[in-house]
A.B. asks: 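Okay, handing you the structure first.
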Protein chains: 2
Amino acid sequence: MNVEWLEAFLITTKAKSLTKASEQLHMTQPALSKQMRKLEEDLGATLFIRSATGVELTEAGKILFEEIEPVLRKIHSIRKDILMTKGITGIKIGTWPSIAAFYLPDRLAAAKKSHKDREISIKVSYSYKEILRFLREGIIDVALLDDREIQHPYWSKQLFSEPFYLFVHRQHPLAKRDHIYFNDVKDESLVVLPPSCDVRILLEKAFKIHNADLKISSEIDFGQSIIGFISANLGVSILPEIFTHHADQSRIKALPIVDFKMKRVISLISRNPDMGKLLLSLLFSPY
Amino acid sequence: MNVEWLEAFLITTKAKSLTKASEQLHMTQPALSKQMRKLEEDLGATLFIRSATGVELTEAGKILFEEIEPVLRKIHSIRKDILMTKGITGIKIGTWPSIAAFYLPDRLAAAKKSHKDREISIKVSYSYKEILRFLREGIIDVALLDDREIQHPYWSKQLFSEPFYLFVHRQHPLAKRDHIYFNDVKDESLVVLPPSCDVRILLEKAFKIHNADLKISSEIDFGQSIIGFISANLGVSILPEIFTHHADQSRIKALPIVDFKMKRVISLISRNPDMGKLLLSLLFSPY
DNA sequence: TAAGGGTATAACAAATGGTTATGGGTGATC
DNA sequence: GATCACCCATAACCATTTGTTATACCCTTA
């Protein structure tokens, strides 16, 4: 029996769907389907009732669901304790501004509670290349970025992926809608981040895929300011989901673009695999 | 991370040796070596200090050793609870006399404590073929025997393997030794079990491998009587280890035959895999 | 110095775990 | 009531993993 199967089982049960769970787990639906069959085979019992609308638990599945979470939690804490013996301290993280400003602080706050001792510092840069150089030169120990298109020799693990939204002021005509299609925005002029920025690069790639031209109304240095720009009704923008959590809901609306398949993927990249695993444990584990 | 790796880690730690543990686990030493490396890689820490005399735990290994057993116990109990939902009752076991007399009673007693409800009955026969026929015809649900040389379509899992010993009366000349070699006994006349019996068959095979002739002094129907025979100083015999636990230590001595490689292997064979797994859980699990 | 017990490594076969492509239900929508 | 969107299963395929046997090398001991 594989511990990953059990983790996947928990996710699947909560999502009530193999397809949705497989996205959360960064794998395809058939792969997850196979894993759950393996788990059922291993336990000698059917865990899910599968239907065209999703999956629900059998009696056996309910037993597993109720009992397994503390087990996984315990395994996780053992993992952490073992990594702690390595005496790793003073981890230096390099990442993009949006991650540093919107994502890391909460994680750090949660981890600090249990591990005051271990100081973590953050170095911020817009550009891939610079962050990777920092990593290579030992200025940082780990990087958080989208490394799908980058060749590198380091240990790496996907953390999450986020869809893009159209950010508009509440008074903008599109703000009445609750979702939009790419056609609704492809001819709008957008406020964008600098050319070296990951979000900008992904946006340009997405427009190319959709055979559209990215029209730029203004270019702004940092994510936080772009939000200020939109909330002053000076333009609209397409940004990753994380920006929604830090935008003023009363003035800004974020609209899902249903047929916009491009996602931003954030991975943890570490020169030293042990340090990567420790950080994963301390900051990014769901347990 | 694989749950089997963790179980193997426990066994290895207790055995202080990959080689010895690999025997207990019914696998080869390189296979176990690989598993332990995988576990170390997964955890990001070295667990064992390997030397020419065996293995011992590192600090990280000690943490794992101290913490993991209850986790495995819990997983095991969940497994059992899940199998119990299938409402399997009245399991009928078929096996050889020695297993039925010396091995099963203890196991059943231990299991009965927690599971009074589930009655288990036992059918005994000397011969493979008859036991397999019982299985085929549904007279029994599971069989306990050595199925290494048998082709069958059923679910099967090795339970244990036992070496053979020379059983002699305390007054026998060899009783002064604490171990012997095959050469010391190959010309002795032995008391043996009937020709259809598994122990007899293995014994004949072993003598053939060692290029010796099996000389028979008498043939006796059942294991328990053979022990009585020896304790009356009426002969010597070669029998599997389990007979030592039920022989009168003050009158009988069991001598390891160091260069006698033949072993008796007992597997659990079940028509219905779920029932096999349940029985494994209830009766034969180390947890 | 040779033997015996211990682990590691190489080479290979079988099983596993992932991918894409595709098919068949089911429920919502026009 | 046809069609679309969504969900799960399966097939075919490839890469990785996990087992096997054979062998090497190290250390302890006789």
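Chain naming here is simple, since letters A, B, ... match the order of the sequence lines and numbering starts at 1 in each. This is a predicted model, so every value here is computed, not measured.
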A.B. asks: Drop me the distance from B:Lys253's NZ to B:Thr244's OG1, to the nearest 0.5 angstrom.
C.D. replies: 13.5 Å
A.B. asks: Compare the minimum distances between each of D:dC7, C:dG17, C:dT9 and the side chain of B:Arg37, then state the nucleotide with the smallest one.
C.D. replies: C:dT9
A.B. asks: Just the rounded figure in Å: distance from P of C:dA10 to CD of B:Gln29.
C.D. replies: 14 Å
A.B. asks: For the side chain of B:Leu18, counting heavy atoms from C-beta on, which of C:dT20, C:dG6, C:dA8 is nearest?
C.D. replies: C:dA8
A.B. asks: By nearest heavy atom, map A:Ser51 and A:Lys34 onto DNA chain D; which one lands nearer the 5' end?
C.D. replies: A:Ser51
A.B. asks: Return the nearest nucleotide to the side chain of A:Ala52; candidates are C:dG17, D:dT18, C:dT26.
C.D. replies: C:dT26
A.B. asks: Just the rounded figure in Å: distance from P of C:dG6 to CD1 of B:Ile49.
C.D. replies: 18 Å
A.B. asks: Could you give the CD-to-P distance, from A:Glu23 to D:dC6, as a whole number of Å?
C.D. replies: 11 Å
A.B. asks: For B:Arg50 and A:His26, take the nucleotide of DNA chain C holding the closest heavy atom to each; which residue's nucleotide lies nearer the 5' end?
C.D. replies: B:Arg50
A.B. asks: What does A:Thr53 touch in the nucleic acid at a heavy-atom separation under 4.0 angstrom: a base, only the sugar-phosphate, or nothing?
C.D. replies: sugar-phosphate
A.B. asks: Is the shortest side-chain N to carboxylate O distance from B:Asp42 to A:Lys277 below 4.0 Å?
C.D. replies: no
A.B. asks: Give the rounded distance in Å between these two atoms: CG of A:Leu32 and C1' of C:dT16.
C.D. replies: 16 Å
A.B. asks: What is the distance, to the nearest angstrom, from the NZ atom on A:Lys20 to the C1' atom on D:dC8?
C.D. replies: 12 Å
A.B. asks: Between C:dG17, D:dA22, D:dG19, which nucleotide has the shortest distance from any of its atoms to the side chain of B:Ala31?
C.D. replies: D:dG19
A.B. asks: Tell me: CD of A:Glu40 to P of D:dC8, nearest whole Å?
C.D. replies: 13 Å
A.B. asks: Give the rounded distance in Å between these two atoms: CD of B:Glu41 and C1' of D:dT16.
C.D. replies: 12 Å
A.B. asks: For B:Lys16, which contact category applies under a 4.0 Å heavy-atom criterion: base, sugar-phosphate, or nothing?
C.D. replies: nothing
A.B. asks: For a quick check of understanding: with a heavy-atom distance under 4.0 Å over all strands, which category does B:Gln35 fall into, base, sugar-phosphate or nothing?
C.D. replies: sugar-phosphate
A.B. asks: When you check the gap from the basic side-chain N to the acidic O, do A:Glu41 and A:Arg37 get nearer than 4.0 Å?
C.D. replies: no
A.B. asks: Can you figure out which of D:dC8, D:dG19, C:dT7 approaches the side chain of A:Ser17 most closely?
C.D. replies: D:dC8
A.B. asks: Relative to the ring of B:Phe243, is the ring of B:Phe167 parallel (under 30°), tilted (30 to 60°) or perpendicular (over 60°)?
C.D. replies: perpendicular
A.B. asks: Can you tell me how far C1' of C:dA15 sits from CG of A:Asp42, to the nearest Å?
C.D. replies: 15 Å
A.B. asks: Below 4.0 angstrom, N of the basic side chain to O of the carboxylate: do B:Lys74 and A:Glu67 qualify?
C.D. replies: yes
A.B. asks: Between D:dA12, C:dT7, D:dC8, which nucleotide gets closest to the side-chain atoms of B:Thr19?
C.D. replies: C:dT7
A.B. asks: Using the side-chain heavy atoms of B:Lys38, tell me which of these nucleotides is nearest: C:dA10, D:dT18, C:dG17.
C.D. replies: D:dT18
A.B. asks: Compare the minimum distances between each of C:dG17, C:dT20, D:dC8 and the side chain of A:Thr28, then state the nucleotide with the smallest one.
C.D. replies: C:dT20
A.B. asks: Just verifying a value: how many Å separate B:Leu72 CG and B:Ser285 OG, rounded to the nearest 0.5 Å?
C.D. replies: 10.0 Å
